[in-house]
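Reading through the structure tokens given below for one structure.
Since this is a predicted model, take the numbers as computed values, not measurements. Along the sequence shown, the residues carry numbers beginning at 1. The figures here come from the full heavy-atom set of this structure, side chains too, leaving out hydrogens, waters and symmetry mates.
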Amino acid sequence: MPSAEDKEDKCLREKVGVATAACDNAAKQYDDYYKGFVALDGKSQSAVTISALVLAAVATFVKDGRIPVLISSSRWWIVLILVAPVSALISVIFALVGSKVTEVVVPFDSPEQIREAKDLAQLGSDEFSQAHVLNYYNARLEHWIGALESIEYVSVGKARWVLRSQMSMLFSLVCLLALYMVILLKS
């Protein structure tokens, strides 16, 4: 029959296993957030590129001489002419805000982990216990909680700005299409 000390040691080993698995899962979740974070930057860059194309198209219409002809037929066409580039510029602004460098909690505090590992390694065999290992992993878990909360908060904020940028970009494309149709019909 196992002694109370053996039961305690077995329990601590089980807890260390659970804490290790939790740290591994936190690392995977952080990696998923990070991949989403990076993908949002790509979407932001795409919105800026497409918005720049809208601006170039409107500039081409102006340079082509079609816009002055359209304005001379009715002053209300100015609204349609201005909405496309203005919403494209707004899209660029939203995308730039969304893609700004944002500080997040780093998931690995290497100097602290190295110090803690050295402290554990310096313990003698009579002092070392599974409780020390469990405390080490519990400290890692606390750090992971902060890192996950930080990157989730920043990712959600970034996603909101990128979505606003995409919506404004889509609106500018619709306005550009309408402007193009009007120019074709008036030509």
Side-chain angles (χ1 to χ4, degrees), residues 22-113 140-187:
C23 284
D24 291 343
N25 289 337
K28 290 174 186 171
Q29 185 176 358
Y30 190 91
D31 188 51
D32 287 344
Y33 276 126
Y34 179 75
K35 287 175 183 172
F37 190 83
V38 171
L40 287 170
D41 280 339
K43 290 179 183 299
S44 182
Q45 291 170 358
S46 296
V48 169
T49 301
I50 293 169
S51 295
L53 291 173
V54 169
L55 292 170
V58 172
T60 301
F61 290 150
V62 170
K63 187 178 178 185
D64 203 16
R66 295 178 189 215
I67 298 295
V69 172
L70 190 61
I71 293 173
S72 66
S73 67
S74 173
R75 297 271 182 215
W76 287 104
W77 292 120
I78 291 177
V79 173
L80 181 60
I81 294 165
L82 290 177
V83 168
V86 167
S87 61
L89 287 172
I90 290 171
S91 175
V92 169
I93 292 168
F94 286 161
L96 290 175
V97 171
S99 67
K100 73 178 177 169
V101 176
T102 308
E103 187 175 321
V104 295
V105 173
V106 179
F108 304 105
D109 185 6
S110 295
E112 181 65 19
Q113 283 182 320
R140 297 288 53 84
L141 286 173
E142 286 300 316
H143 189 75
W144 272 115
I145 288 170
L148 287 170
E149 287 173 351
S150 174
I151 198 164
E152 179 183 19
Y153 176 77
V154 170
S155 293
V156 167
K158 181 181 281 282
R160 285 186 183 126
W161 282 107
V162 171
L163 180 61
R164 289 176 186 131
S165 175
Q166 289 175 330
M167 297 300 286
S168 181
M169 175 203 62
L170 182 62
F171 181 69
S172 71
L173 285 170
V174 168
C175 292
L176 179 64
L177 179 63
L179 180 61
Y180 182 69
M181 297 302 280
V182 167
I183 288 173
L184 282 178
L185 293 173
K186 293 285 186 175
S187 295

Verdict with supporting geometry, Thr60 and Lys63, side-chain contact (heavy atoms from CB on, under 4.5 Å): CA-CA 5 Å; Thr60 301; Lys63 187 178 178 185; 5.7 Å; no
Stepwise salt bridge (Lys or Arg N to Asp or Glu O under 4.0 Å) test for Asp24 and Lys28: CA-CA 6 Å; Asp24 291 343; Lys28 290 174 186 171; over 6 Å; no
Working note: Phe61 + Leu176, criterion side-chain contact (heavy atoms from CB on, under 4.5 Å); need CA distance, chi angles, decisive distance, verdict. CA-CA 10 Å; Phe61 290 150; Leu176 179 64; 3.8 Å; yes
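The side-chain heavy atoms of Leu163 and Gln166, taken from C-beta on, include a pair separated by under 4.5 Å. Residues Ile90 and Arg164 fail the side-chain proximity criterion, which asks for heavy atoms closer than 4.5 Å. In this structure the side chain of Val54 never reaches within 4.5 angstrom of the side chain of Phe171, judged on heavy atoms. Contact annotation: the side chain of Leu179 approaches that of Leu70 to within less than 4.5 Å [non-hydrogen atoms, C-beta and beyond].
The two residues Val62 and Pro68 make their nearest non-hydrogen contact at O-CD, 4.4 Å. Scanning all heavy atoms of the two residues, the minimum distance from Trp144 to Cys23 falls at NE1-O, 4.0 Å. When every heavy atom of Ser155 is checked against every heavy atom of Leu40, the shortest pair comes out as O-CD1, 3.6 Å. Closest non-hydrogen pair, Tyr30 versus Ala147, comes out as CE1-O, 3.6 Å. Considering every non-hydrogen atom in both Ala47 and Ser165, the closest pair reads CB-OG, 3.3 Å.
Only one option out of Leu89, Ile93, Val92 pairs with Ser51 in a side chain to side chain contact (heavy atoms under 4.5 Å, CB included); it is Val92.
Rounding to the nearest 0.5 angstrom, the gap separating the CD1 atom in Ile81 from the SG atom in Cys175 is 12.0 Å. To the nearest 0.5 Å, the span separating CG on Asp64 from CD1 on Ile183 amounts to 8.0 Å. Summarising the geometry, atom OG belonging to Ser168 is positioned 10.0 Å from atom CG belonging to Leu173; distances are rounded to the nearest 0.5 Å. Here the OG atom belonging to Ser91 is positioned 11.0 Å from the CE atom belonging to Met167, to the nearest 0.5 angstrom. Rounding to the nearest 0.5 Å gives a distance of 4.5 Å between CD1 of Ile50 and CE of Met169. The line from CZ of Arg140 to CD1 of Ile145 is 12.0 Å long, rounded to the nearest 0.5 Å.
Between the side chain of Thr49 and the backbone N or O of Gln45 there is at least one donor-acceptor pair closer than 3.5 Å. In this structure, Ser150 contributes its side chain and Gly146 its backbone to no donor-acceptor pair below 3.5 Å.
Residue-environment remark: OH (Tyr180) stays at or below the threshold of 12 foreign heavy atoms within 6.0 Å.
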